[in-house]
Each structure stands twice: as structure tokens, then as C-alpha cells.
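Chain letters run A, B, ... following the sequence lines, proteins first, then strands; residues in each count from 1. Because only heavy atoms are used, hydrogens play no part in the values below, and waters and symmetry mates are left out as well, while side chains stay in.
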Amino acid sequence: MTTFNPLRLDGRHILVTGASSGIGRRTAVMLHALGARLSVVDRDEAGLVSLGAELSAGEAVAQHVADLSDIAGIEALVGRCVDAGGRLHGVVHCAGIQAIVPVRTLQIDGWRRIFAVNTEAALMLGKCLSSRKVYAGQHGAIVFISSVMGTVGSVGAVAYSMSKAALDGMARSLSLELASRGIRVNCIAPGFVRTPLFEQTERLWDEETKRAVEDLHPLGFGEAEDVAHAVAFLVADTGRWITGSTLVVDGGYLAR
Amino acid sequence: MSEPPVPATSVLITGASSGIGREMAVALSGAYSLILNGRDEERLEQTRLACQAPERHLCWARDLADATTLATALPAFLRQHDARVVGFVHCAALLKVLPLRSVTLAQAQDVMNTNVLAALEITRLLLRKDVNSKMLRSVVFVSSIASQFGARGFATYCASKAALDGLMKALAVELAPEVRVNSVLPGGVRTPMTEAMFDDPATAERLMRDYPLGAGLPSDIANAVAFLMSDQARWITGHQMVVDGGRSANISA
């Protein structure tokens with residue numbers, strides 16, 4: 001099959017969180033290749049530096065080291081992004097904590113940290129983009145990386161599921177509130193994608209468990225690249241009439 | 001000795017004579033050779049001429065409400081043109097807005113035949129080795145957000161689109177990993193099929209209020225289908241992709 005070319009993103013300034021590795025990194029690389037001007041955020045400084053080296057050609061990439069569990073600090077962070085790269089057209093929130101913790105051992109601080117990074121940071125980023133000082137005024141697009149765990153359950157995923165289901169719900173209401181400003185808000189719900197985050201989890205499984213989990217995906221495990229293609233489609237004008245939706249990119253996991 | 005000629009690989013689009021189907025054909029015509037299906041031969045030919053490189057595309061005029069004849073007609077057509085189908089987009093749909101008391105079983109069967117059973121039968125035929133040499137890779141059904149929600153007068157249409165999405169999920173599981181199967185769920189797009197609804201000012205006003213991003217264009221749906229057909233969606237199967245300008249998020253409106 002031939003390749004479908006989403007519309008270019010030249011002249012658009014997009015903020016990508018969690019950009020040092022995994023889905024965030026592949027997303028940053030793809031949006032940059034499509035011509036976008038990027039501000040990339042991660043708490044892993046070395047990862048950002050190596051991403052910067054990977055993106056040395058083309059539009060400038062502004063790096064910002066920040067821990068997004070500091071919700072109160074996000075407004076200032078977004079302000080720094082605007083100061084450095086101009087007002088924003090879009091935000092892609094890929095940062096996330098994916099911890100498997102049985103409810104019996106789950107601690108208040110633990111689930112609050114998951115909820116802060118996965119969900120509250122997303123809300124604060126959406127809130128910031130709704131400001132005229134931040135939003136460039138056209139081609140607005142927000143994409144939250146949710147998860148199939150926002151729709152179905154899994155043992156040990158209580159806090160993670162909660163954080164991702166909340167994202168899906170937030171996107172629906174936020175999309176209605178921001179539609180009049182021309183900002184679209186959508187989620188992407190990936191299944192199990194081979195990322196450093198996933199490999200941490202995978203190491204805890206024996207061969208049999210690993211095979212069983214992979215078998216839950218009719219197309220097998222995915223790659224971060226697969227999710228990045230979907231982000232590009234939603235951010236570009238190809239997704240012009242899509243808002244308040246969750247795009248499932250899961251190799252068939254939820255269809256079974 | 002020369003190699004035997006390689007059969008042309010195509011994308012089959014049903015319902016290509018108007019509306020979303022025609023736009024789909026034009027959008028995909030740059031990247032693929034197309035087989036255009038529709039009832040009206042003349043309008044189908046107009047679609048072909050609107051495509052890029054019209055000489056590359058074939059017209060297959062046929063009414064899908066007569067689903068039982070497809071088993072002979074489709075293989076014969078592919079044989080005649082030595083064509084193989086790598087992608088199948090089912091756009092053909094009947095929509096008759098009728099209160100339940102006016103629905104007849106014969107009319108309901110026509111709707112189910114065109115909207116659902118033709119999709120099942122064509123997919124089944126395209127999987128046969130003797131018909132299509134195991135060439136099918138991607139299937140996209142154009143469903144509707146009416147598969148998720150009720151509306152007055154939409155009994156047969158809602159039933160058919162919900163059935164189409166059920167079929168899509170089952171096929172996605174059964175045919176993986178060789179074939180990906182997805183559906184696109186448009187909201188209210190302005191096409192000849194829906195023009196009557198937009199003509200009524202009261203209905204048009206309500207539609208505008210319900211759709212946060214306004215009414216959609218056929219190209220919005222074509223973009224989604226083109227994405228799902230492409231390798232960029234290689235890890236997407238069994239998904240109902242909603243393309244509705246925010247209508248389903250706004251269902252409380």
C-alpha cells in the first residue's frame with residue numbers, strides 16, 4: 001500500500017511533553033519532520049539533549065526540562081515556551097507514569113503522582129492553551145495520549161486506568177468548550193507499545209505471560225511510530241472535523 | 001522468456017457515484033487504481049472523469065441491494081479486467097427517514113442488503129484465493145454515528161450501521177494479521193443523501209447547534225478513510241473512528 005501524506009505543519013508551534021523517549025520522542029520526531037516548530041518538555045535532560053541532536057536539521061527545537069507533577073509550575077513553563085518559540089498552535093501530552101501496583105499496596109502519594117502527571121498536567125496544559133496570550137489563534141489541536149486501560153480494566157492498573165479514563169472524559173468536555181476558538185481536543189488510546197516504559201513492565205513477565213499479553217493484540221505489540229502517525233493525522237488539517245473523540249491505536253486489542 | 005504480466009492492484013469503492021463515495025474516489029485516485037461501484041452508470045462515469053488519471057480506473061455499475069448476485073458478478077468482473085483488490089471501502093448506503101409505522105419489511109431488507117450484507121459478501125469474495133489471490137490488506141466501512149445513537153425515523157439506518165460496526169469488529173479479529181478492518185463514523189456531512197435534512201431551516205439550525213465544529217465536508221471523511229487504508233495505520237484494526245465535528249461528545253445538547 002502506498003503512504004498517505006498528512007498535511008504539512010509548517011509555521012505551527014507545537015508543545016510535546018514526555019518527548020525524551022517512547023511515544024513522545026517518536027511524536028516529536030514526526031511532527032518536526034512535517035515542518036512544525038517544537039517545544040519539547042521532559043524531566044530527563046539527557047534524553048532531551050539526544051533528541052535535540054536527532055533533530056539538528058530543520059526548524060529550531062526549544063528544550064525545557066520540567067517535572068509535570070508540579071502542576072502549579074506548568075503555567076510558567078508554557079510561558080517560557082511561548083517566550084522562546086512564539087504562541088502555540090498545539091499541545092501533545094505524552095508524558096505519563098505507567099505503574100502496575102496492586103490496590104493493596106497502592107499509597108495515596110503514589111496514585112496522586114500518577115494522576116498529577118497523566119491527568120492534571122493535561123488539564124493544566126489545555127487550560128493554558130485556552131488563553132489568548134498562549135494560543136496562536138488558529139489550527140488549534142490538543143492530543144492527549146490516553147490508553148486502552150481507560151476503557152477496559154487490568155489487575156494492578158487501578159490508578160493508571162483511572163488516570164486515563166479521566167483523560168478521555170476531560171477531552172470530551174474540553175472539546176466542547178474550546179471548539180468556538182478553533183481548538184480541537186482528542187485522545188489517542190494505544191494498546192501495548194514497545195517503549196522503554198513498556199519494557200520495564202515486560203521485564204516483570206515470564207515468557208508465557210508475555211505471549212499471552214501479545215496474543216491479546218490481533219496485530220501483535222505496536223511501535224511508538226504507529227502512535228506518532230495517528231498524532232500527526234489528528235494535529236494536521238486532516239483531522240479538521242475531529243474533536244472530542246478517542247482514536248484507538250491498539251492492534252485490535254479492544255475489538256476482541 | 002518474459003515474466004507473466006502482473007495483475008493490476010486496485011481499491012474497490014462502493015457508493016462512488018455521489019457524496020462521500022465520490023469524494024473518496026477523487027481523494028484516493030492519486031495513490032491507487034480504483035474500481036468504482038455505484039448504481040448509476042452515467043454518474044459513476046462522471047466520478048471516474050473527476051479522478052486523477054481517469055484512464056487508470058474502472059467502473060462497475062451494480063445495485064448492491066441485490067446482494068445474492070455478487071458471488072458471480074464480482075469474480076467475473078475481476079477476471080474480465082485481470083484486477084486484484086488490495087483495499088475495499090464500503091460507502092454505499094441507503095437512508096430513508098421513515099417513522100416505524102411506515103417501514104416495510106421489504107424496504108428494511110433493501111437497507112440491510114446494501115448497507116451491511118453487501119459489505120460482508122464483498123469482503124468474503126475478496127478473501128477467496130481463486131477470486132483475489134489473497135491480495136486484500138485493508139477494509140474500511142463507512143458507518144455512521146447513527147450506529148451509536150438513536151434518532152426518530154432512523155430505525156433501519158441505525159440498525160444497519162450498528163450491524164456494520166459489529167461485522168467490522170468480528171472481521172478485524174478473524175482476519176488479523178493479514179487484513180485490517182476498521183470503520184469511520186461520520187456525523188452530519190453535507191451530501192446529496194443528507195441535503196434534504198439541511199434544506200429544512202429548523203433542522204439545519206438544530207444541526208448547527210449540535211455540531212461544535214459545524215457541518216462536515218466529504219473530504220473530512222475521505223481523509224480519515226485514506227489514513228486508515230494507508231500503512232501509517234498499520235497497527236489500527238477493529239476501530240470505530242468517529243469523525244463528527246464533536247457531535248457525539250455533545251450528545252447532551
Any residues in residues 210-227 of chain A near chain B, with a heavy-atom distance under 4.5 Å, and which are they? A:H217, A:P218, A:L219, A:G220, A:F221, A:G222, A:E223, A:E225, A:D226

Mind checking which of residues 124-146 of chain A sit less than 4.5 Å from chain B, heavy atom to heavy atom? none

Give a yes or no on whether A:E199 atom CD has more than 12 heavy-atom contacts from other residues, nucleotides or ligands under 6.0 Å away. yes

Should we say atom CD of A:E177 is surrounded by more than 12 heavy atoms from elsewhere, each under 6.0 Å from it? no

Measuring from atom [atom1] of [X] to atom [atom2] of [Y], what distance do you get when rounded to the nearest 0.5 angstrom?
{"X": "B:I221", "Y": "A:I242", "atom1": "CD1", "atom2": "CD1", "value": "8.0 Å"}
{"X": "A:R240", "Y": "B:S219", "atom1": "CZ", "atom2": "OG", "value": "6.0 Å"}
{"X": "B:T237", "Y": "A:Y253", "atom1": "OG1", "atom2": "OH", "value": "16.0 Å"}
{"X": "A:H229", "Y": "B:R234", "atom1": "NE2", "atom2": "CZ", "value": "6.0 Å"}
{"X": "A:T238", "Y": "B:Q232", "atom1": "OG1", "atom2": "CD", "value": "9.5 Å"}
{"X": "A:T246", "Y": "B:Q240", "atom1": "OG1", "atom2": "CD", "value": "12.5 Å"}

Who wins among [options] for the most heavy-atom pairs under 4.5 Å with chain A?
{"options": "B:I236, B:L217, B:D220", "result": "B:D220"}
{"options": "B:G216, B:A170, B:P177", "result": "B:G216"}
{"options": "B:L28, B:V242, B:V243", "result": "B:V243"}
{"options": "B:N182, B:V173, B:L175, B:V181", "result": "B:V173"}
{"options": "B:G246, B:G245, B:G238", "result": "B:G245"}
{"options": "B:A172, B:G30, B:A215", "result": "B:A215"}

For [X] and [Y], which heavy atoms make the closest approach, and how far apart are they?
{"X": "B:L213", "Y": "A:A179", "value": "CD2-CB, 4.0 Å"}
{"X": "B:P212", "Y": "A:L176", "value": "CG-CD2, 3.4 Å"}
{"X": "A:V249", "Y": "B:W235", "value": "O-CZ3, 2.9 Å"}
{"X": "A:G244", "Y": "B:A249", "value": "O-CB, 3.9 Å"}

Quick one: what part of B:A233 sits under 4.5 Å from any heavy atom of chain A, side chain, backbone, both or neither? neither

Main-chain N/O of B:G187 paired with A:W241 side-chain donor or acceptor, under 3.5 Å: no

Which region of A:S180, side chain (C-beta onward) or backbone (N, CA, C, O), has a non-hydrogen atom less than 4.5 Å from a non-hydrogen atom of chain B, or is it both or neither? neither

Using a 4.5 angstrom heavy-atom cutoff, name the option from A:T243, A:L254, A:D250, A:L247 with the most pairs to chain B. A:D250

So which of A:G239, A:G191, A:S173, A:S245 has the biggest tally of heavy-atom pairs under 4.5 Å with chain B? A:G191

